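The shown structure was predicted, so the numbers you read here are calculated from the model rather than taken from an experiment.
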Amino acid sequence: MKVIVAGATGFIGRALCKKLCGDYELIVLSRNVKKGAEILDGIAEVVKWDAKTRGDWVKYVDGAPAVINL
């Protein structure tokens with residue numbers, strides 16, 4: 001099952017992603033893809049997101065049963 005997480009690079013987000021990574025396909029929405037990839041160290045796919053405009057990130061959210069916005 002695919003879970004989308006916005007805010008995954010923060011304190012709570014990192015802990016949540018580490019907890020979910022074995023059981024779910026994680027997609028992280030981040031304003032800074034490089035920083036997100038470094039912080040999450042490969043446990044999630046990091047997708048560019050600016051919280052203002054529709055972009056490629058929309059295709060990841062489509063059909064996802066869970067979206068978590070931290």
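Clustering ILVMFWY residues whenever any of their side-chain heavy atoms sit less than 4.5 angstrom apart, transitively, puts Trp57 in the very cluster that holds Ile27. Two different hydrophobic clusters hold Met1 and Val61 under the rule that ILVMFWY side chains link at heavy-atom gaps under 4.5 Å. Under the 4.5 Å side-chain heavy-atom criterion for Ile, Leu, Val, Met, Phe, Trp and Tyr, Val67 and Val5 are members of distinct hydrophobic clusters. Side-chain heavy atoms closer than 4.5 Å link hydrophobic residues (I, L, V, M, F, W, Y) into clusters, and following such links, possibly through other members, connects Val28 to Ile43. A continuous path of Ile, Leu, Val, Met, Phe, Trp and Tyr side chains, each step under 4.5 Å between heavy atoms, connects Ile12 with Val3, placing both in one hydrophobic cluster.
Closest approach of Pro65 to Lys2, counting heavy atoms only: CD-O, 3.2 Å. Nearest heavy-atom pair across Tyr60 and Ile4 is O-CD1, 3.5 Å. Shown here for Leu40 and Ala8, the closest heavy-atom pair between the two residues is CD2-O, 3.9 Å. Shortest non-hydrogen contact noted between Leu26 and Cys17 is CD1-O, 3.4 Å. Heavy-atom minimum distance, Asp50 versus Arg31: CA-CG, 4.2 Å. Shortest non-hydrogen contact noted between Gly36 and Val46 is C-CG2, 3.8 Å.
A search for side-chain contact (heavy atoms from CB on, under 4.5 Å) contacts involving Leu16 returns Leu20, Ile68, Leu70, not counting sequence neighbours.
Using a 4.5 Å cut-off on side-chain heavy atoms (C-beta onward), Asp56 and Lys48 make no contact.
For the atom pair CZ of Arg14 and OG1 of Thr9, the computed distance is 7.0 Å after rounding to the nearest 0.5 Å.
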